[in-house]
Amino acid sequence: MKEYLIGLIKSIFDAPMSYMTIKFFVLVAGALLLYYILPKKFRWTVLLLGSGYFYYDISGSRKQMLVFALGIALSYVFGILLDRSVNRKGQEQGAKEQAEEKKKAGSIKQKLLLTAGILISASPLLLSKCSEFLTGSILHTKNINWIIPLGLSFYSLQIIAYLTDIYRGKIRAQLNPLKYGLFVSFFPIIVQGPISRYDQLADQLFTGHSFDQKNIIRGVQLVIWGIFLKLMIADKAAVVAGTLFDGHENFSGFYILVAALMYALELYTDFMSCVTISQGVSEMFGIRLMDNFQRPFFSTSVKQFWGRWHISLSHWLRDYVYIPLGGSRKGRIRKYLNLLITFGVSGLWHGGSWKFLFWGSAQAGFQIVGDVIHKPRNRFLEKVALPETSRLRRLLAMVVTYSIFAFGLIFFRADSFGTGLSMVKSAFARFNPWILVDGSLYQLGLSQKELWVLTTSTLLLILVSFLQERGIRIRDKINSQNLLIRWSIYFIAIWSVWILGTYGFGFDAKDFIYGGF
């Protein structure tokens, strides 16, 4: 028995860390204990040490660590140089002229510093995406083996926002290199976000928080919900989606519809799961992260959808790409062009290939079409007795928006742009709706029992989302119950995930989808 326990513990700690491993939660528990023992002014150092250990363990490569540390060091230096350039000029000109100066685009020196800082600090991201596009989409060869640190796409955007905000005079540079390193490497968000701004996160990281039992409880609640989303929905939907996409040549008609809907469900719950766990862990330390999702599938337009989906990225693209391009201030044609550029950047951020570029551009195209037909569509719907206040109209709009997004994900998930086109074509090649009810879905990797678990879990997600959409805070409702009811809810939730969650089917807990972007 002793040897078994030793072997079990050794296997747990020898395995690579991820947000779904026991090893990660041991790290969290140890960091929490040390965080609340130390004096407040030193508590940020616990977060720094925990982040360093987490990143070293999860990366498993000294070269990746070196590239990561170099990116932090270079952006730190450029941040200070930018800060001195912006604020020295303001001090020389006086407070009034300083305010005017910050409204302007800035001097040539400042622009050069900003451009150099972004290009050099984010060079691993730019090189990885450019090489991926060049080798995969143009030369059709294997990708160049760049050393790509984990979380590169997320922390690079944080660095770009940090340097840009200094240039704009919105924030001052962080002079302490260790505190700046903590901002970039904070372990709950380093791999998959949410993409946080310096002015949103810095004070929370550097100011020691008092112990509050409510923060621990609310954090644990979020972690349980995140694990539920991952094991009860995302990884079950992934089985069906994977079967259909990986063997797409064997399926047509409504099978392709099922593939799109299942992958949309998988992508949403997988990503929200990771972010929810990140929020829960952060809340245990008294740190509040922004919501990255606000029930996007209740959206009634593609434009509204992108205000609710991956909010930290959408806001980043708005503030650092769309608005600097001119936003909607320079006429309708320029607005549409800016939308195409912005969502093209979004597509390439997800991956350097034609399929991602097409997917991003299509999201802009849907918004442009929606804007063009907005008035005639409203007039038509009014004539057919579907005013804006109609519940049926809202329901139809939600179904259409979800269908557009899900159908677009065929290109997002397919191996290539050509494969995506082939799948779209095969979707219209056969009319076979009976597969939805004749048991054919049981041949796609999940048994009837597993499909029922997936369906029930999804219905629970819809119910929770519906209540949240009506302004009902589920955690507050749970916390207002007596001790017996609260712990009964926790026990049922944990037991359900433990017994019914997905652990087979080639499941790999470290494979969160957005960790690959």
Side-chain angles (χ1 to χ4, degrees), residues 136-137 233-271 296-297 299 302 305 309 343 347 350-351 353-366 369-370 395-448 450-455 457-459 461-462 502 505-506 511 513-514 516-517:
S137 299
I233 303 179
D235 289 312
K236 293 185 185 299
V239 175
V240 178
T243 300
L244 292 168
F245 275 97
D246 295 341
H248 64 90
E249 63 277 357
N250 300 318
F251 300 101
S252 60
F254 271 67
Y255 280 111
I256 306 302
L257 173 64
V258 172
L261 296 178
M262 281 293 182
Y263 184 66
L265 179 62
E266 176 199 353
L267 184 66
Y268 175 52
T269 52
D270 185 279
F271 194 13
F297 295 119
S299 303
V302 176
F305 181 92
W309 173 280
F343 278 88
H350 285 87
S353 66
W354 288 114
K355 69 170 187 174
F356 287 115
L357 182 60
F358 173 80
W359 171 81
S361 301
Q363 300 308 308
F366 292 136
V369 171
L395 179 61
L396 289 173
M398 287 191 293
V399 170
V400 170
T401 301
Y402 176 67
S403 300
I404 289 173
F405 177 74
F407 209 68
L409 287 179
I410 292 176
F411 292 94
F412 192 93
R413 173 62 172 80
D415 292 335
S416 66
F417 179 70
T419 299
L421 284 176
S422 175
M423 291 185 68
V424 170
K425 182 179 178 180
S426 65
F428 298 98
R430 187 180 178 192
F431 185 74
N432 52 352
W434 50 84
I435 68 159
L436 303 176
V437 294
D438 67 356
S440 297
L441 299 183
Y442 302 147
Q443 311 303 315
L444 300 178
L446 292 183
S447 65
Q448 183 176 2
E450 289 285 337
L451 276 174
W452 275 111
V453 171
L454 172 59
T455 302
S457 301
T458 303
L459 290 174
L461 170 62
I462 293 171
T502 297
F505 313 107
D511 288 335
I513 295 175
Y514 263 77
F517 294 133

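Predicted, not measured: the structure shown is a model, and the values here were computed from it.
Between Val302 and Gln363, the shortest heavy-atom distance links the atoms CG1-O, 4.0 Å. For Ala234 against Glu266, the heavy-atom pair with the smallest separation is O-CG, 3.5 Å.
How far CD1 of Ile233 is from CG of Leu461: 4.5 Å, rounded to the nearest 0.5 Å. Of the inter-residue distances, the one linking Thr458 atom OG1 with Lys236 atom NZ reads 10.5 Å to the nearest 0.5 angstrom. Rounding to the nearest 0.5 Å places OG1 of Thr401 at 9.0 Å from CE of Met398. Once rounded to the nearest 0.5 Å, the distance linking CZ of Phe366 with CZ of Phe407 reads 9.0 Å.
Contacts of Ala397 classified as side chain to side chain contact (heavy atoms under 4.5 Å, CB included), with partners at least two apart in sequence or in another chain: Thr300. Checked against side chain to side chain contact (heavy atoms under 4.5 Å, CB included), Gln443 has no partners two or more places apart in sequence or in another chain. Annotation: salt bridge (Lys or Arg N to Asp or Glu O under 4.0 Å) contacts of Asp438 (sequence neighbours excluded): none. Partners of Ala264 according to the side chain to side chain contact (heavy atoms under 4.5 Å, CB included) rule, which considers only residues two or more places apart in sequence or in another chain, are Tyr402, Ala406, Leu409. In this structure, the side-chain hydrogen bond (donor to acceptor under 3.5 Å, both in side chains) partners of Ser416, at least two apart in sequence or on a different chain, are Thr419. Qualifying ring-ring contact (aromatic ring centres under 6.0 Å, His included) partners for Phe411, counting only residues two or more places apart in sequence or in other chains: Phe358, Phe417. The side chain to side chain contact (heavy atoms under 4.5 Å, CB included) test applied to Val400 returns Ile404, not counting sequence neighbours.
Ile410 has its side chain within reach of Val424: a pair of non-hydrogen atoms, C-beta onward, lies under 4.5 Å apart. The side-chain heavy atoms of Phe405 and Phe297, taken from C-beta on, include a pair separated by under 4.5 Å.
Counted within 6.0 Å of CH2 on Trp452, heavy atoms from surrounding residues, nucleotides or ligands total 12 or fewer; the atom is thus considered open.
Under the salt bridge (charged side-chain N to carboxylate O under 4.0 Å, His left out) criterion, no residue pair touches residues 395-412, with sequence neighbours excluded. Annotation: salt bridge (charged side-chain N to carboxylate O under 4.0 Å, His left out) contacts involving residues 421-436, sequence neighbours excluded, are absent.
A distance-only check finds a donor-acceptor pair linking the side chain of Ser447 to the backbone of Glu450 [under 3.5 Å]. Of the possible donor and acceptor atoms, none in the side chain of Lys355 sits under 3.5 Å from a partner among the backbone N and O of Gly420.
The side-chain contact (heavy atoms from CB on, under 4.5 Å) test with Leu454 is passed by exactly one of Asp235, Leu459, Leu446: Leu446.
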Return all side-chain donor-acceptor pairs below 3.5 angstrom for residues 242-261, not counting sequence neighbours, or 'none' if the list is empty.
from	atom 1	to	atom 2	distance (Å)
Thr243	OG1	Val239	O	2.9
Thr243	OG1	Leu444	O	2.9

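Classification of the Phe412-Tyr263 ring pair by plane angle, with boundaries at 30° and 60°, yields tilted.
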